[in-house]
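Within every chain, numbering begins at 1; the chains are lettered A, B, ... in the order of the sequence lines, protein sequences first and strands thereafter.
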Protein chains: 4
Amino acid sequence: MAIAAKRTKTIMARRQDLIQGTIRSIAALGYNNSTVQTICDAAGLSRGLIGHYFKGKDDLLLEAFRYLVGRADEETRKAVRAVGDDPLQRLLAATEVTFNRASDDREGGMVWLACWGVAPWVPEMHELQRKLWRRYRSWVERMIAQAADQRGIKVDARRAALAYAQMVDGFWLGWLSDRDAYTPEDARDIVCDWLRDLFGEGRKAPVRGAAARKPEPSSKAKSPARKVSGGKKT
Amino acid sequence: MAIAAKRTKTIMARRQDLIQGTIRSIAALGYNNSTVQTICDAAGLSRGLIGHYFKGKDDLLLEAFRYLVGRADEETRKAVRAVGDDPLQRLLAATEVTFNRASDDREGGMVWLACWGVAPWVPEMHELQRKLWRRYRSWVERMIAQAADQRGIKVDARRAALAYAQMVDGFWLGWLSDRDAYTPEDARDIVCDWLRDLFGEGRKAPVRGAAARKPEPSSKAKSPARKVSGGKKT
Amino acid sequence: MAIAAKRTKTIMARRQDLIQGTIRSIAALGYNNSTVQTICDAAGLSRGLIGHYFKGKDDLLLEAFRYLVGRADEETRKAVRAVGDDPLQRLLAATEVTFNRASDDREGGMVWLACWGVAPWVPEMHELQRKLWRRYRSWVERMIAQAADQRGIKVDARRAALAYAQMVDGFWLGWLSDRDAYTPEDARDIVCDWLRDLFGEGRKAPVRGAAARKPEPSSKAKSPARKVSGGKKT
Amino acid sequence: MAIAAKRTKTIMARRQDLIQGTIRSIAALGYNNSTVQTICDAAGLSRGLIGHYFKGKDDLLLEAFRYLVGRADEETRKAVRAVGDDPLQRLLAATEVTFNRASDDREGGMVWLACWGVAPWVPEMHELQRKLWRRYRSWVERMIAQAADQRGIKVDARRAALAYAQMVDGFWLGWLSDRDAYTPEDARDIVCDWLRDLFGEGRKAPVRGAAARKPEPSSKAKSPARKVSGGKKT
DNA sequence: GATGAATGAGGTTTCATTCAT
DNA sequence: CATGAATGAAACCTCATTCAT
């Protein structure tokens, strides 16, 4: 069994190597231009190896996407769990970890972007993406509904969740497509402020300009936002 | 010259045919799976023709994207011009036309999505996309700044513009990736409400007429106004 | 239509080129060692052309076999028709043309041999082969039955047809596998003598040794035989 | 030495395993589609093992063919020896064992067929096949010559041997390619009758017992005797 | 100007063989 | 001695592009 276990471990390691190679290759060359050759080169392995560990290129591509999804999910869960049970805090934590991931793993983000662009025409990827998104949105909706309940505020949780989720995705998309337009921190702040405003919580730190805005009654400017990564995660 | 003009006209027509074929092919098969063959089939033309009108496949792809961009730009300008000079009305009109396009031309939207997914690795497309985005965001920023000025409200125009623009993109992305999660009308309403809330304008009747609507006495934020979506809508 | 006709003609010509290339390649290298490359080289065409005219390599291989079958069939029919209606003469003519083909087109014969060796594992080829064989055997059986009737001789036509057909195939097989063991003329004479003996007809020419045999009463030594090519033909 | 002997034994056993695996694989999948993987799977051994016991795949293939050839040879010799010295009885016994093998070991037959189809392009296999055939034909020729001598009949032994040998092969080929056209028993009867007719021996009881049958008073050709298959059988 | 036949580069995949464990 | 992971050659096929008609 020790041998079998070791073997299994090696197998997992090689699969990881190939997945990482895929991510590196796609990040560097794009989805189309990534060939079995570039992927295996990036993984430091020989071309034929892909057949040992995956059904083929498509399978590997899908698994790489699945890996990114799983990792984002895990990271977000951990961050959310760490802040306790308060729904707003959870949302804020999720938002933060989402945009942190943007800076920390732009490579992964680029792959995510590339996958968005092909998913509609790759049934399995499409399905995975939709499942993910629905779970994510429904989690956001629950959090928002709970937070509103706690505060005795009326919020259309569905619409708020949509606004949040799509804003986050939009910020991801925008930053991946043009990293100079704004920073992930900008995005994070805007979304977090939007969340706090939604529940009438004050902003924490003086946020660029906004803090200078007259505190009108309900200046709850909505800035919709949603974690790209979150979107891809839960 | 008449002959030359006619020729030019034919050339333009053929180019259009090929561009439309490209759009149809990408919408149906995705970016990767669209070949010169599928494109020309979709255009009802023969395979070799592409060389007469474009430098090659890549060029055609780029031109198709350029065409979509140009058309969207034009439509938006027209809608904005039609609504007069009021910045908020202009933003609302732009929002509306944007989401109307979603329903009216899902095919084009899918192509847009596909192009998003490859643009970072196609320098010319990337550049085009960035130019477009920057112009768009700066226009939004100006409109927001003007609208705020008119109302004597202090708004961080840059952040608001980012929030607006990325929310819109996020809704596009989400709807193209999963058309069942919400409707373009949902998206439009959420974004328009967000805009009105930003300026303390009350939500109103079906936004569809909003563009033509007279600027009523800004009834300011409705009651708690903190509901992302007020009473009406889903 | 002239253009369409010409095009069709060209298409047929290219298909023929590829089929001939296939035959030459298989004859020279065997079935396994024939690759798209060797086939196209033998045809004097480029590698990619195969996709224009056939579904793929397998399709081409099958068509090449079909071509050999069709040609053998045609040649045999023509030879049979040329000798009139007498069943024995028809059988003799078929036998002759069969073994003539052996000498005239050893290349085609080798391909036939190669196909025999793979047919059981290539459903379409197998089916074609079986259809062919059955039609051929039943024709032989009918001829034998008629010839026997004419002479008032009792012959088990089914068994005689089997003996004839398999003897011919056996001679083909043997000669293709070892061209030095006997000549096609040897084979032809043996089979023709067997046929004549079956119906009590005298042998035409003094055939090696056999003619010297004592004309015992009914020395109808059966030598079973069957045209390989015939077997593959009708 | 005991150890060395044991080792040798294991080696032989493994080689046998691989040879059997080869036969099973080829019978199931054909020559082309049999890979080292399928062969080792069929043998219940691991892929790399082939290198320990054979020079490579080609060598294994050749050895498998050699094994079939050797076994057939041995079986035939044994059957022939068992029947005594009478040449005709020997031929009948050889015929019988040949067609018995067809039914008893169709798998082996299929491999034989597959090898026929590649042998001309595999020099070593070709050579083996030719040696085998020549030895076989010359043995048949000797038997026929002896039987004719014994009876004072003049027979062209070479031609008769060719007819016999190719008829047998033809029946094998036909049955392997289409097992529904006739049974090996049909083939055996036809060939045995042909042999008996050649020497003016009457057809007799079920041939199955023929090998053990005492040489009865050659009742010479039956009546017209020109029926390929007398009264009995199908 | 329009067509599609022809080319050949390049992609994915399979496979025989080698070799470390 | 046995295993199967690793390699890289080579096969098939697709496809963008060119060019004669």
Dot-bracket encoding per residue of DNA chain E, Watson-Crick/G-U cut-off under 3.5 Å, | denoting interstrand: .||||||||||||||||||||

Non-hydrogen side-chain atoms of B/P120 and A/L176 separated by less than 4.5 Å: no

Using side-chain heavy atoms (C-beta onward) and a distance below 4.5 Å, is B/F54 in contact with B/L18? yes

Grab the CG-P distance between A/L45 and F/dT7 for me, whole Å please. 6 Å

Pull out every residue in residues 20-31 of chain C that has a heavy atom closer than 4.0 Å to any atom of DNA chain F, ordered by number, or say none. none

Using whole Å, what does the distance between atom P of nucleotide F/dA6 and atom CZ of A/R15 come to? 13 Å

Atom CG of C/L18 and atom C1' of E/dA5: how far apart are they, to the nearest Å? 12 Å

So, using side-chain contact (heavy atoms from CB on, under 4.5 Å) as the criterion, who are the partners of C/H126 when residues are at least two apart? C/Q129, C/R130

Does the side chain of B/V69 come within less than 4.5 Å of B/W112's, by heavy atoms? yes

How far does OG1 of C/T38 sit from CG of C/L29, to the nearest 0.5 angstrom? 5.5 Å

Quick one: are D/S177 and D/L113 in side-chain contact, heavy atoms under 4.5 Å? yes

To the nearest Å, how far apart are A/I11 CD1 and F/dG4 P? 10 Å

Could you check how far CD1 of B/I39 sits from C1' of F/dT14, rounded to whole Å? 15 Å

Tell me every residue that passes salt bridge (charged side-chain N to carboxylate O under 4.0 Å, His left out) with B/R66, counting only those two or more places apart in sequence or in another chain. B/E63

Nearest-Å distance for atom pair CG/P, residues A/D17 and F/dT7: 11 Å

Report, as a single string ordered 5' to 3', how protein heavy atoms within less than 4.0 Å touch nucleotides 12-21 of chain E: B base, S sugar-phosphate only, - not at all. SBBSSB----

Pairs in or reaching into residues 17-46 of chain B: which pass salt bridge (charged side-chain N to carboxylate O under 4.0 Å, His left out), with residues at least two apart or in two chains? B/R14-B/D17

Distance-minimising heavy-atom pair for D/I50 and D/K57: CD1-CA, 3.9 Å

Would you say E/dA6 has OP1 or OP2 under 4.0 Å from some side-chain N or O of C/R14? yes

Residue-phosphate contact under 4.0 Å: B/Y53 side-chain N/O, E/dA2 OP1/OP2: yes

